[in-house]
Amino acid sequence: MNLETNLCGIKLKNPTILASGILGVSKSLLKNVIENGAGAVTIKSISYEPRDGHKNPTILEFDSGMINAVGYSNPGLHGALDEFTDLKDLNAPVFASVIGKEPEDFTKVIEGLGNLDFSAIEIPLSCPHTPGFGTLAGQDSPEKTLEITKAVVKAAKVPVFVKLSPNTKNIGEVAMAAEKGGASGITAVNTLGPGMIINIEAAKPVMGFKIGGLSGPAIKPIAVRCVYDVYGSVKIPIIGVGGITTGKDAIEMVMAGATAIGIGSGVNYRGNDVFTKICNEMKDWIEKNNYNSLEEIRGIVHE
Ligand SMILES: Cc1cc2nc3c(=O)[nH]c(=O)nc-3n(C[C@H](O)[C@H](O)[C@H](O)COP(=O)(O)O)c2cc1C
């Protein structure tokens, strides 16, 4: 059986997508992830100016997930222009992830990237641990989401995905604002939190930035519920992200309403070939349970 997926006109050989911030810092790493089975890949988020990010430690594993406060370290627009050339060579869609605080921060980067071969642009309005970006700045409000989405859609030549936060009172309303602003799809969700882990011997928070966003298995039920809520609120397709490490997790996301599946922490738990593993497990599950395609189960839990 084949898992080919049409994501608002973008053809994917399967629905798995590398989530932003994990391995997507260079063209050679993107190539490696595609060779390991990803249907599409997202680059690590880039801002107009380079950013150093937060001080170490920035990423830790805990019992049931991961916590990170990388702080959007990235080489800026000019670094991205040098790195992500000739993306057509990779033979799979590559999504740019662009961050900013105000609409013009996003549009400056998007206009600058205009000649590169990105198949879509994702805009995270949802980071829980980088002041000015995302939820700490109220970017998750429907009003701000509408304002930023409209500006980005106007500047972009390719489909725009708005990446939402689970840390919001009503994710459906925020998704509706993104749809109204012209987004082609929703990515749900970014990390949960912020959270804190304390080293009790040192009597100090462990993370360099004290707080961080949670990802991995700990957040899966919240991510699934967010995708469920978004599916019930908008018509545009959803990339479901958060805690997906197995084919069964991916099936759960599709049942909640996802068209494609983002995988971030899963790379840490199962290796770079997590994409091939998840696709094989999805196919096995679909066949064993007498379904024929992902379409048949998409959104199936909605009455
Ligand atoms: C180390 C790390 C760095 C991340 N950096 C970014 C980023 O730059 N931009 C972004 O939109 N999301 C970023 N994320 C969030 C992931 O893309 C994803 O939304 C989140 O981790 C939930 O998915 P997961 O449970 O599969 O990891 C990052 C996550 C981790 C763990």
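Atoms within a ligand are numbered from 1 in the order they appear, just like the ligands themselves.
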**Asked** Does an N or O anywhere in M66 fall below 3.5 Å from an N or O of ligand 1?
**Response** no
**Message:** Residue-level breakdown please: for T42 versus ligand 1, do any non-hydrogen atoms fall below 4.0 Å on the side chain, on the backbone, on both, or on neither?
**Reply:** neither
**Asked** What residue and atom, counting heavy atoms only, is the protein's closest point to atom 20 (C) of ligand 1, and at what distance?
**Response** T191 CG2, 3.8 Å
**Prompt:** Between E102 and K144, is there a side-chain N and carboxylate O pair less than 4.0 Å apart?
**Reply:** yes
**Message:** Looking at every non-hydrogen atom in both residues, tell me the closest pair between R270 and T245 and how far apart they are.
**Reply:** NH1-O, 2.8 Å
**Prompt:** What are the two closest non-hydrogen atoms of I219 and S215, and how far apart are they?
**Reply:** CD1-CA, 3.9 Å
**Request:** Answer yes or no: does atom NZ of K13 have more than 12 heavy-atom neighbours from other residues, nucleotides or ligands under 6.0 Å?
**Result:** yes
**Protein contact to atom 15 (C) of ligand 1 [nearest heavy atom, distance to 0.1 Å]** = N190 OD1, 3.5 Å
**Prompt:** Do the ring planes of Y228 and H302 sit parallel (below 30°), tilted (30 to 60°) or perpendicular (above 60°)?
**Reply:** parallel
**Complete:** min-distance protein heavy atom vs atom 7 (C) of ligand 1 -> S45 OG, 3.4 Å
**Request:** Can you pull out the closest protein heavy atom to atom 21 (O) of ligand 1? Residue, atom name and distance to 0.1 Å, please.
**Result:** S215 CB, 3.3 Å
**Item:** Cluster check I46, L18: I/L/V/M/F/W/Y, side chain < 4.5 angstrom
**Value:** yes
**Message:** Tell me whether K108 forms a cation-pi arrangement with Y48, defined as NZ or CZ under 6.0 Å from the six-membered ring centre and within 45 degrees of its axis.
**Reply:** yes
**Prompt:** Of all residues at least two apart in sequence or in a different chain, which pass the salt bridge (Lys or Arg N to Asp or Glu O under 4.0 Å) check with E49?
**Reply:** none
**Asked** Is the NZ atom of K210 crowded by more than 12 outside heavy atoms at less than 6.0 Å?
**Response** no
**Request:** Among all protein heavy atoms, pick out the one at the shortest distance from atom 13 (C) of ligand 1; state its residue, atom name and that distance to 0.1 Å.
**Result:** S20 O, 3.0 Å
**Prompt:** Heavy atom of V189 under 4.0 Å from ligand 1?
**Reply:** yes
**Complete:** shortest atom 3 (C) of ligand 1-to-protein heavy-atom contact is with G21 O, 3.6 Å
**Request:** Look at atom 22 (C) of ligand 1 and find which of G242, G240, A19, S47 reaches it with the closest heavy atom.
**Result:** G242
**Item:** Atoms in ligand 1 with a heavy atom of Y72 nearer than 4.0 Å
**Value:** 7 (C), 8 (O), 9 (N)
**Request:** Pull out every atom of ligand 1 sitting under 4.0 Å from any heavy atom of K163, numbered as shown with elements.
**Result:** 10 (C), 11 (O), 12 (N), 15 (C), 16 (C), 17 (O), 18 (C), 19 (O)
**Request:** Look only at interatomic distance and state if I59 has a nitrogen or oxygen under 3.5 Å from any nitrogen or oxygen of ligand 1.
**Result:** no
**Asked** Judging by distance only, is a nitrogen or oxygen of S265 under 3.5 angstrom from one on ligand 1?
**Response** yes
**Request:** Please confirm whether N68 comes within less than 3.5 Å of ligand 1 when only nitrogen or oxygen atoms on both sides are compared.
**Result:** no
**Complete:** Counting from 1 in the order shown, the ligand 1 atoms closer than 4.0 Å to a non-hydrogen atom of P124 are 11 (O)
**Message:** For atom 26 (O) of ligand 1, tell me which residue out of G264, P217, G266 has the closest non-hydrogen atom.
**Reply:** G264
**ligand 1 to V241 polar contact by distance, N or O atoms, under 3.5 Å** = no
**Message:** Heavy-atom count check: over 12 atoms from other residues, nucleotides or ligands less than 6.0 Å from D82 CG?
**Reply:** yes
**Message:** For T5, give me all partners under side-chain hydrogen bond (donor to acceptor under 3.5 Å, both in side chains), at least two apart in sequence or on another chain.
**Reply:** none
**Asked** Would E35 and K31 pass as an ion pair if we require N to O under 4.0 Å?
**Response** yes
**Message:** Among all the protein's non-hydrogen atoms, which is closest to atom 8 (O) of ligand 1, and how far away is it?
**Reply:** K44 NZ, 2.8 Å
**Prompt:** Does the N or O separation between G243 and ligand 1 drop below 3.5 Å for any pair?
**Reply:** yes
